[in-house]
Enquirer: 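Below is the structure I would like to discuss, written out as structure tokens.
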Amino acid sequence: MSFEILKTNKEYDVVIVGSGAGGGMSAKILADAGLAVAVMEAGGDFDPAKEEYRTQLRWPWESPRRGAGSTRPFGDFDAAWGGWDIDGEPYTRKNGTEFDWFRSRMLGGRTNHWGRISLRFGPKDFKRKDHDGMGANWPIGYEDVKPYYDKVDKLIGVFGTNEGLENDPDGYFLPPPKPRLHELYIKKGGEKAGVPVIPMRKSVLTRPINTERGVCFYCNQCNRACSAYADFSSSTALMKPAMQQGTVDLYTNAMVREVTTDSKGLATGISYVSKEDMQEYKIKAKVVVLGASACESARIMLNSKSSAHPDGLGNGSGMIGRYLHDSTGASRAAIMPDLIDRERYNEDGVGGAHVYSPWWLDGEKLDFTRGYHLEFGGGMGMPNYGFGFGMDSMRHYIKDEMGNPSVNGGYGKGLKKDIRKIYGSTIGVAGRGESVPQYDNYCEIDPDTVDQYGIPVLRFNYNWTEHEVNQAKHMQETFEEVLTGMGGILLGNKPGEEDNYGLAAPGRIIHEVGTTRMGDDPSTSVLNKHSQAHECKNLFVVDGGQFVSQADKNPTWTILALSWRASDYIVDQLKKQNLR
Amino acid sequence: MDRREHLRLLVSGSFGAGFFLNEPAEISKEDIETSKKIIRENGGGYGRTDAEIKRDERLHAASFFTEHELKTVAVLSDIIIPADDVSGSATDAGVPEFMEFIMKDMPYLQTPTRGGIMWLDNESKKRFGKVFINTSSKQQLELVDDIAYPDDAKPEMEYGVNFFNRMRNLTATGFFTTEMGIKDMGYKGNQANIWDGVPENVLKKHGISYDKKTLEECVRNSERGIVAKWDDDMNLIRE
């Protein structure tokens, strides 16, 4: 990190906060346009091709806890640093409500963790109010974003198939990998349940898209970050080429406190705390781009108070932090008698499932308004911490040569044999659904709490509505139909009303968006349709904060498209000198 | 110990828990410091952050089980996973050492495990007048039989059943996540390869097949090295 830059009083064209999907894409586009860019990253540098960071192709015994999630919630080998709890960086909740906030402090942010599921929003997803009267429409439509989805497909690479589905648009897809054995059973189960099962859409390179990044070698470990750069993470696919342009300065371990403004209320740059020396520094720039994540960007804006912006920067409407919403999530598992005692072969494939189910009941009369898609798990994966658990309740599904079932629990050679037999015979199915954004679900600044850098922290208030609960109930019905349809025996009990039908707490699906939403009306939205703050024309937000509604699609592909679109607009407006 | 030797140990995974705790005489303090430095410079051997490396070091330096407890864990784990004609036993695979680490890593396991071992010894003393590990194998199994089968166990055995379930879980995981255990399980992955679908004989055995659409749309080996191009209608140009 170079503080000399500060001493020379350098003014950047743009300072970007965050190096994940939103910030990384913006850095790439602005650097390609020849602009001088500073990127502020709250965590450390990261490159999965470097041995010191590598978790890919490691064996469970290389970790003394065999990959358990003691310090990383998705296990030792998950690439993402951080999680729902980070030492010294608390957040709080109010009114007894739940919200869990996942943060990843490192170059590339949470793109180092995600499942690479890359789904475009469809035309209906931008106009949900037109269809169900709830929430709000986006100020833009699919036709505005489509050219950018097209460009993202080609720049980053995504496999999938053109199915001609109305609300799950076609794309520039690479060929998908063939389904695994259990996924062929899932297709059968889907057919019986009337649920379509089609090839997954993931940003994993089954074929090269350029000469810089490698091709997938099928180790199933995208979540560990790919040393061949064959999957998408912002650090490898965006920040690396952006840095190569020579006009980008990356500041790591730089925890941004606020956006600084002048007497007219325009942004002049940012101030940050260096985690290395705990000192405060300033960066000057003509334009500020926030891509720190929906909640972190909202936090920075709310903490940026001045006489021109007494309630936080761009918060005259009081909308910052409002309409916070995450995807819904629920799941169920089954054991497949047909897959017990199966033949061994390498079926690692790409990271996660090769098939999925897009929402199939759009327009049907249901007691909830918005849809969900299905994700699947299973197969002969690498044993890690937790492998072999549960024989006290699952062993009776195993039968001996005479067809006699084993007794639950036990020990000895027979137990050892049965653990071998059960390997690769369980299947999981999960739903990921769209929730209805609520004014009363929000994050705000907690007046009583600061983090270890002295920056006031977020406080959350969040309640699911009947729409999400009823949707989870419907998911549970679907899970049972699909799992039993493929010949599976359901495991565990069906979650009921008392458990919200297994609906995950908000924040657990890590798709939270909406805190700085777009809109044409400055009194009900924070950003205009160019991702530009209504009340501060040289401030842009390029992360999930700008979402008016989070479809049942995973948000990353839309963050990338919107960030590219906003960055094109910034280049154009800088040229026209409209941002001063 | 030189750097290469150290890295070999790291890579082979024989660098296990307890290294810092039990410093063999032939390894000097200086070597230990060098080792720590190498681990730190190499991300702790498995891609650790600085905070995680420090945490690992702290856990390795501490100890939890008493000698008696560790012996009990060893006996129990070998009852749960004994050697057979495929692979060795739990202790052959280092399960007690794994358990020692996991107790420190997941402190919520400490009291139930320590308490469970005491329960086992008490029960054993009541029945046979000796602590568990000092009884005969026959007596050990007689006691274990009362807590190993949750569906049939007597209500007064419930605590023992829960303890044994946990020991079964940790032993199975501790065994099958070692090199020996993974070889036993027959997991074939974690290496560069080409996924070209389910082997033909397996498909046949399951009476299942790929449909024509799937075979046509999925990736082919022959195009793996060719940079993708599309026509104006978003169709991938196939070779």
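Bear in mind that the values here come from a model prediction, so they are computed numbers and not experimental data. Here is the naming used below: chain letters follow the sequence lines, and residue numbers restart at 1 for every chain.
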Enquirer: What part of A:Tyr185 gets within 4.5 angstrom of chain B, counting heavy atoms only: side chain, backbone, both, or neither?
Expert: both

Enquirer: If you measure from the Lys or Arg side-chain nitrogens to the Asp or Glu carboxylate oxygens, is any gap between B:Asp105 and A:Arg66 under 4.0 Å?
Expert: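 Looking at B:Asp105 and A:Arg66, the cut-off is not met.
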
Enquirer: Using a strict threshold of under 4.0 Å (side-chain N to carboxylate O), is an ion pair present between B:Asp84 and A:Lys417?
Expert: no

Enquirer: Side chain, backbone, both or neither: which part of B:Val227 has a heavy atom under 4.5 Å from chain A?
Expert: both

Enquirer: Tell me, for A:Pro199 versus chain B, whether the close heavy atoms (under 4.5 Å) come from the side chain, the backbone, both or neither.
Expert: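 Only the side chain of A:Pro199 comes within 4.5 Å of chain B.
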
Enquirer: Checking heavy atoms, do the side chain of B:Asp196, its backbone, both or neither come under 4.5 Å from chain A?
Expert: both

Enquirer: Do NZ/NE/NH1/NH2 and the carboxylate oxygens of B:Lys188 and A:Glu347 come within less than 4.0 Å?
Expert: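 So B:Lys188 does not pair with A:Glu347 through a salt bridge.
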
Enquirer: Need one label for B:Arg220: side chain, backbone, both or neither, based on atoms under 4.5 Å from any heavy atom in chain A.
Expert: neither

Enquirer: Can a donor-acceptor pair be found between the side chains of A:Tyr411 and B:Asp145 at a distance below 3.5 Å?
Expert: yes

Enquirer: State, without any angle test, whether B:Gln191 and A:Asp348 hold a side-chain donor-acceptor pair at a distance under 3.5 Å.
Expert: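 No, A:Asp348 and B:Gln191 have no side-chain donor paired with an acceptor closer than 3.5 Å.
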
Enquirer: Side chains of A:Thr161 and B:Glu217: donor-acceptor distance under 3.5 Å anywhere?
Expert: no

Enquirer: With a 4.5 angstrom heavy-atom cut-off, could you sort out which part of A:Met380 is near chain B: side chain, backbone, both or neither?
Expert: backbone

